[in-house]
Amino acid sequence: MTENVSNLVLDGNAAAGLLQELFVPDITTAQIQCSACGSVGAVGSLRLYAAPMGAVLRCTHCDDILLRAVHTPHGRWLDMTGARSLRFS
Ligand SMILES: [Zn+2]
């Protein structure tokens, strides 16, 4: 059974409703999984290294960086390279 996948491809605007649901809740209660060690915990439990431009959040188990959030004159940036997943209840 082969489906025509091109019928399922839309642009990112089609995901607006789903993404809005994900990014509105309080992110500190979301469960984040560390890519380096696999541990899971609340975003609010991560270790914060605050800086004038933003924040770096590190895993409490292996100290790897899970999130970087920066506010620059050109916009707000979120880097989640170190996170495997983020789950909202
Ligand atoms: Zn870790």
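Remember, it's 1-based here, ligands and their atoms both numbered in the order they're listed. When reading the values below, keep in mind they use all heavy atoms of this one structure, side chains included, and skip hydrogens, waters and symmetry mates.
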With side chains defined as the heavy atoms from C-beta onward, is the minimum distance between Arg68 and Trp77 less than 4.5 Å?
no
Is any side-chain heavy atom of Leu57 less than 4.5 Å from a side-chain heavy atom of Ile65?
no
Where is the tightest heavy-atom contact between Ile27 and Phe88, given as atom of each residue plus distance?
CA-CE2, 4.1 Å
For the Zn ion (ligand 1), does an N/O/S atom of His61 lie at less than 2.8 Å?
no
What angle, in degrees and rounded to 10°, do you get at the Zn ion (ligand 1) when you join it to SG of Cys62 and to SG of Cys59?
110°
Report yes if some heavy atom in the side chain of Leu46 is under 4.5 Å from a heavy atom in the side chain of Ile32; otherwise report no.
yes
Angle at the Zn ion (ligand 1): provide the value between SG of Cys34 and SG of Cys37, rounding to 10 degrees.
110°
